[in-house]
Number of protein chains: 2
Amino acid sequence: MSLRYALLGLLADQPQSGYDLTQRFELSLKRYAWHAGHSQIYPELNKLAASDLITVVAEGARGRRTYALTDAGRQELREWLTDRPSAQPVRNEFVLRLFLLSTLDPPEALPILRAMLLHARQELTELRSRSGNIDVAPGEPMEFGRLAAEYGLRQYQAMIDWAEWALTKLGQDASEHRHPDTDEK
Amino acid sequence: MSLRYALLGLLADQPQSGYDLTQRFELSLKRYAWHAGHSQIYPELNKLAASDLITVVAEGARGRRTYALTDAGRQELREWLTDRPSAQPVRNEFVLRLFLLSTLDPPEALPILRAMLLHARQELTELRSRSGNIDVAPGEPMEFGRLAAEYGLRQYQAMIDWAEWALTKLGQDASEHRHPDTDEK
DNA sequence: CGGCTCATGTAAAGAGTTACATGATTTG
DNA sequence: CAAATCATGTAACTCTTTACATGAGCCG
């Protein structure tokens, strides 16, 4: 059910085509919030249009259709955002792997942890460069888009801090006797 | 595909029945890593047993079957943990709602943010009380289970910090002229 | 005009949810 | 002995992924 609202929400920002929406999932949303491929998006857009929650506002080259939210669609989205409990189950394969790392011996687990740390650093750098643009001039009303971006940054930062902490902890255990941990900065 | 490895991983910790496994998802895993209900778990256990990745090590009252990892199962799990890229798409309805909050006006969004903050504080408290037990005596080898718990704590803490920051920011915007924000501690 | 990107679609298979179903054991 | 919990299962439906499919416009 979430895809439906993800699409309404993205269209609330600005009118877009299925192709545009597919890219927004691919380039940012899928890293921290939700993911869907085009084969799921196009049929869902057609359903939403059939229910008059969105409507075609422009047609372009190559059959491109630009959709916009209708009032009914905006209302539907509003209700979903307000009428919902906070706790929903999470599905995050990365965290699952983290959790299951405990089943390996430290010598096997350490390189995996290091790879995770490197990856998190890259993601953070990329997120930062993308959200740097969205900066808010002092005095201007706070934009929510900025809030979500900040959330993403903080999550990745927490992950990095954790991974560094974990490597130190494990490094102590695993190499009480070995050369100091090779630190890939 | 992840469920399969989640089950192998949980069984690597200790032999358990489908019923036990269902509870471990329900009580902890689903909040931050993965979720599955019994109707998904039982058939998957039967498949894993058919492939000799797990095996029944005890039968108890009411048809209870306790499964344990086989060597092949442990190998399969090891491969999954080591041979995998770090970036997998995330599906988190909570974060999606966060992201879409930007489509509401601040007066509508503020109460939702406050509810999210309260919820995160509750979750953190509960996580803390559960993981407090798993404390490591100084000098003892670091346990990975402790690492995963620490990760959960840090993620929730980051969320709380963010929500407090966001409320302050929005409070400033929304009530440049109103009484100071009611702070629910 | 050849290769790339844009742009949309469908079909089949796999994963996940919800509802239905059943019965044994324990506990008060 | 009644109610709660333990324990497992299946069926129908929905959601998601992967693969197949097609063609228009743009750029060099």
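The shown structure was predicted, so the numbers you read here are calculated from the model rather than taken from an experiment. Order of the sequence lines fixes the chain letters, A, B, ..., with proteins taken first and strands second; residue numbering starts at 1 for each chain.
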Separation of C/dG16 P from A/Asn92 CG (nearest whole Å):
14 Å
So which one's nearest nucleotide on DNA chain D is more toward 5', B/Gln23 or A/Ala61?
B/Gln23
For B/Tyr5 and B/Glu76, test the side chains for any donor-to-acceptor distance below 3.5 angstrom and give the result as yes or no.
yes
Can a donor-acceptor pair under 3.5 Å be found between the side-chain atoms of B/His38 and the base atoms of D/dG9?
yes
C/dG9 OP1/OP2 closer than 4.0 Å to side-chain N/O of A/Tyr42:
no
Does the D/dT16 base have a donor-acceptor partner in the side chain of A/Ser39 within less than 3.5 Å?
no
Strictly below 4.0 Å, N to O, side chains only: are A/Glu93 and A/Arg97 in salt-bridge contact?
no
Quick one: is A/Asn46 getting a side-chain N or O under 4.0 Å of the C/dT8 phosphate, OP1 or OP2?
no
Can you confirm whether the side chains of A/Asp161 and A/Gln157 place a donor and an acceptor under 3.5 Å from each other?
yes
Start at the 5' end of DNA chain D and walk down; is the nucleotide closest to A/Gly63 or to A/Glu44 reached first?
A/Glu44
Nearest-angstrom distance from the residue atom CG of B/Leu3 to P of D/dC15:
20 Å
Nearest-angstrom distance from the residue atom CD of B/Glu93 to P of D/dC15
12 Å
Given C/dT5, is OP1 or OP2 found less than 4.0 Å from the side-chain N or O atoms of A/Arg64?
no
Any N or O donor-acceptor pair linking the side chain of A/Ser17 to the base of C/dT8 at under 3.5 Å?
no
NA contact type, B/Arg91, heavy-atom cut-off 4.0 Å: base, sugar-phosphate, or nothing?
sugar-phosphate
Whole-Å distance separating the NZ atom of B/Lys30 from the P atom of C/dA15
22 Å
Among D/dT16, D/dA7, C/dA7, the one nearest A/Arg62 by side-chain distance
C/dA7
Hey, what's the ring geometry for A/Phe99 with B/Tyr32, parallel, tilted or perpendicular (30° and 60° as the breaks)?
perpendicular
